[in-house]
Amino acid sequence: MFRKILNPDLYHGHNKKKNFFEGWYFKISDLKGENTFAFIPGIFLGKDDECSHSFIQIVNGKDIKYDYLKYNKEDFSAAKDIFDVEVNKSNFSLNGISLDIDRPEIKIKGKVTFHNVKKWPDTFINPGSMGSYNYLTFMQCYSQVCAMDIKLTGKININGQDISFDNGKGYIEKNWGKEFPHSWIWVQGNQFKNHNGSISCSIGHIPFPLGSFRGFLIGLMIDDDFHTFTTMNKSKIKIKQREEDVEIKVENKNYILNINVLTKKEKFMTLKGPRGDKMIPLVNENLGGIVEVRLIDIKSNKEIFKDTTICGGVEYGGDQMIILDKN
């Protein structure tokens, strides 16, 4: 157990029999951001064997198409000491993804290799992106940013069409626990127009003993500089709704970060997520979001970063009023 706390990328369910889920989110985009996919391998252990299964979710941002491929739970396997997951004939790790899917609704074959994988910085006291919360055993849902930015090589064939991901970008995160939060916002992008960098932003309603709170994990990587804005480091956040999207302002002792999200309603897809003893349509996701990012140095009041991502990942889940600021 202690090994998994220090390395949250690892599978946490080896000793779980029921009431547990775990899934990894692999987002890959080609060089121009024209083809963006998310592949989500995982396992859901319900209250009995009838509810339990493994899965691969496939999110096609270009064609706005979603597939939920259900497999037996025995088709899922995960290494104990390294991040290496397999569902049926497809493999997922920090080294890359190898896909071999032959179903009536979709056929995918190919391999994409990962290079120059950049991680969220962590320490013994604060392992992974969730930090010291990984040491708690009662959380509803845990999260981990496995890779903030990845360079890609390789290609996959989807329903007879070859798609090259050479010099494209990748990103990996994961969730595990009992079920998804009852409200959350997720924003991600790592294909800025003018800079090398990556933004990852997760905000959610967190049940806790004797109450609940709004928790957040926000990281901005600019080249090799990493800026964190989290509940743990006592950053302050404000979230405003702007039509269908959100404006986020977060501040730590050194910097102010503004994140503005722009999406088109018709590009959202409804993915399945864990709720109670079932995987149900729960996650409103968009892989064509525009994310405007601005970082300001508080001491000098100078703008040190301003850029926009293409093909950003955006999720709005549950009752948004729980986590939005009222004013």
Indicate yes or no: does Lys62 engage Glu34 in a salt bridge with an N to O separation below 4.0 Å. no

Measuring only between side-chain heavy atoms, which start at C-beta, is Ile259 closer than 4.5 Å to Ile218? yes

What side-chain donor-acceptor pairs closer than 3.5 Å can you find for residues 272-279, not counting sequence neighbours?
residue, atom, partner, partner atom, Å
Arg275, NH1, Phe180, O, 2.7
Arg275, NH2, Pro181, O, 3.1
Asp277, OD2, Lys47, NZ, 3.4

Looking just at side-chain N and O atoms, do Tyr25 and Asn175 make a donor-acceptor pair shorter than 3.5 Å? no

Atom CG of residue position Asp162 - does it have more than 12 heavy atoms of other residues, nucleotides or ligands inside 6.0 Å? yes

Side-chain donor-acceptor pair under 3.5 Å between Asp297 and Ser300, yes or no? yes

Can you confirm if the NZ or CZ of Arg103 lies within 45° of the ring axis of Tyr71 and under 6.0 Å from the centre of its six-membered ring? yes

Hey, can you tell me if His227 and Tyr255 have their rings parallel, tilted or perpendicular (30° and 60° cut-offs)? perpendicular

What orientation do Phe26 and Phe83 show, parallel under 30°, tilted 30 to 60°, or perpendicular over 60°? tilted

Can you see whether Asp9 engages Gln144 through a side-chain donor-acceptor pair at a distance of less than 3.5 angstrom? yes

Gln161-Asn159 side chain donor-acceptor pair, cut-off 3.5 Å: no

In the structure I gave you, are the side-chain heavy atoms of Asn258 and Ile296 within less than 4.5 Å of one another anywhere? yes

Is it the case that over 12 heavy atoms from other parts of the model lie below 6.0 angstrom from the CG atom of Asp319? yes

